[in-house]
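A short worksheet on the structure shown next.
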Amino acid sequence: AGAGANVVICANNAASLKKIAEECDALGGGKTHVVAKRPSSEENCATIVNAAVDRFRSVDILVVASGQNKVAKIVDQKAEDFLDVMDANVTQSWLMARAAARQMLKQGKGSIVNVASISGLFGMPTAHTYCAAKGGVINLVRAMANCYGNQGVRANAIAPVARTRLTEASPGSADVVKAPADPDALDENVSRAYVEWARERIEERVPAYRGKQDAGTLVGMYTLTPDA
């Protein structure tokens with residue numbers, strides 16, 4: 001928004017949407033429009049895309065950050081919990097990407113960004129379903145990139161490791177370096193501490209990667225289409 005982009009923000013939480021919209025407007029860039037819906041159905045996704053096209057004439061960039069985590073090992077998890085996690089992470093990402101991709105292909109251009117997780121690249125010992133779900137998101141993005149990259153529609157995934165509301169409940173999360181409450185206080189050393197923590201935990205459990213993985217590769221954008 002601060003760079004001048006018009007932004008459509010979507011979620012079920014009206015209070016959070018209002019706050020985020022006010023923050024975007026305060027940046028003084030583009031315009032902000034709120035759609036109080038999650039990408040939980042074909043109808044909702046169509047409504048979101050149509051709102052962007054009706055108001056701003058196109059959908060140039062889609063960022064999907066839909067997700068949920070119910071921490072458990074496979075032998076302890078209920079089937080309904082598995083389905084809930086897969087729906088929030090994979091199905092909703094798929095539905096929203098499909099709706100946006102159809103519009104982008106009509107335009108001849110666009111960029112789809114899915115927020116995945118480091119858990120989608122490595123098997124974390126206490127989040128079996130979440131790992132499967134985020135792995136599904138990453139491979140969905142790979143498939144879209146291979147299919148639509150030569151048609152002007154790019155697809156990429158971000159696989160971060162960070163302390164969030166989802167990770168707070170995860171066993172071992174207390175070991176993660178706590179970031180300052182003030183986002184402006186974050187610096188390179190804090191970010192590096194997160195990465196180092198992730199690298200050490202992965203190396204403990206995945207011996208094949210020991211000594212071969214640069215910590216810097218564990219966080220950031222995984223570019224799957226040219227000129228991302």
Side-chain angles (χ1 to χ4, degrees), residues 1-68 87-117 134 137-138 140-145 147-160 162 164-166 182-184 186 219-228:
N6 296 318
V7 179
V8 176
I9 54 176
C10 314
N12 272 344
N13 191 320
S16 293
L17 283 176
K18 183 176 183 294
K19 182 176 182 296
I20 294 169
E22 290 172 350
E23 292 173 354
C24 290
D25 290 338
L27 295 173
K31 298 178 181 178
T32 305
H33 181 62
V34 169
V35 179
K37 292 184 181 295
R38 285 183 60 81
S40 53
S41 68
E42 293 183 79
E43 294 75 18
N44 283 2
C45 292
T47 297
I48 293 167
V49 170
N50 289 339
V53 174
D54 291 345
R55 197 169 187 88
F56 302 124
R57 300 194 301 278
S58 66
V59 178
D60 300 304
I61 301 170
L62 170 71
V63 179
V64 185
S66 179
Q68 184 186 71
D87 177 70
N89 290 279
V90 181
T91 304
Q92 294 186 28
S93 295
W94 185 92
L95 286 169
M96 195 66 244
R98 183 182 66 166
R102 287 172 171 172
Q103 174 62 30
M104 291 175 178
L105 288 169
K106 291 179 185 178
Q107 299 167 184
K109 64 176 182 177
S111 177
I112 296 171
V113 179
N114 280 92
V115 179
S117 168
K134 288 306 187 182
V137 170
I138 290 170
L140 168 64
V141 170
R142 287 189 175 117
M144 290 190 296
C147 183
Y148 300 123
N150 63 355
Q151 299 177 57
V153 178
R154 297 175 286 120
N156 292 278
I158 299 173
T164 68
R165 285 179 295 176
L166 284 181
D182 177 9
D184 294 331
L186 287 171
V219 178
M221 179 79 76
Y222 288 78
T223 300
L224 301 170
T225 46
D227 303 319

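Numbers for residues simply follow the sequence, beginning at 1. The structure displayed is predicted, hence computed values, not measured ones.
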Approximate separation, where rounding is to 0.5 Å, of Lys18 NZ and Thr32 OG1:
13.0 Å
Would you give the length of the straight line joining atom OG of Ser117 to atom NZ of Lys134, rounded to the nearest 0.5 angstrom?
6.5 Å
Enclosure of Ile61 CD1 (heavy-atom neighbours >12, cutoff 6.0 Å)
no
Are Met104 and Val59 side-chain neighbours, meaning at least one heavy-atom pair lies under 4.5 Å?
yes
Separation between CZ (Arg57) and CG (Asn6), nearest 0.5 Å, reads 8.5 Å
On a heavy-atom basis, which atom in Ala116 and which in Val137 lie closest, and how many Å separate them?
CB-CG1, 4.2 Å
Non-neighbouring partners of Leu140 that pass side chain to side chain contact (heavy atoms under 4.5 Å, CB included), sequence neighbours left out
Trp94, Met144
Do Gln68 and Asn89 pair up side chain to side chain, a donor and an acceptor below 3.5 Å, judged on atom types alone?
no
How far apart are the closest heavy atoms of Ser66 and Ala88, and which atoms are they?
OG-O, 2.6 Å
Closest approach of Leu95 to Ser40 (non-hydrogen atoms, all atoms of both residues)
CD1-C, 4.1 Å
Nearest 0.5 Å, please: how far is CG in Leu62 from CG in Asn114?
7.0 Å
NZ (Lys19) and CG (Asn13) are apart, to the nearest 0.5 Å, by 11.0 Å
Which residues satisfy the side chain to side chain contact (heavy atoms under 4.5 Å, CB included) test with Val8, sequence neighbours excluded?
Cys10, His33, Val35, Ala52, Phe56
N-O pairing of Arg98 and Glu42 below 4.0 Å
yes
Within-4.5 Å side-chain heavy-atom neighbours: Val49 and Met96:
yes
Just wondering, do Val153 and Ile112 contact through their side chains at under 4.5 Å, heavy atoms?
yes
Is the shortest side-chain heavy-atom distance between Gln107 and Asp60 below 4.5 Å?
yes
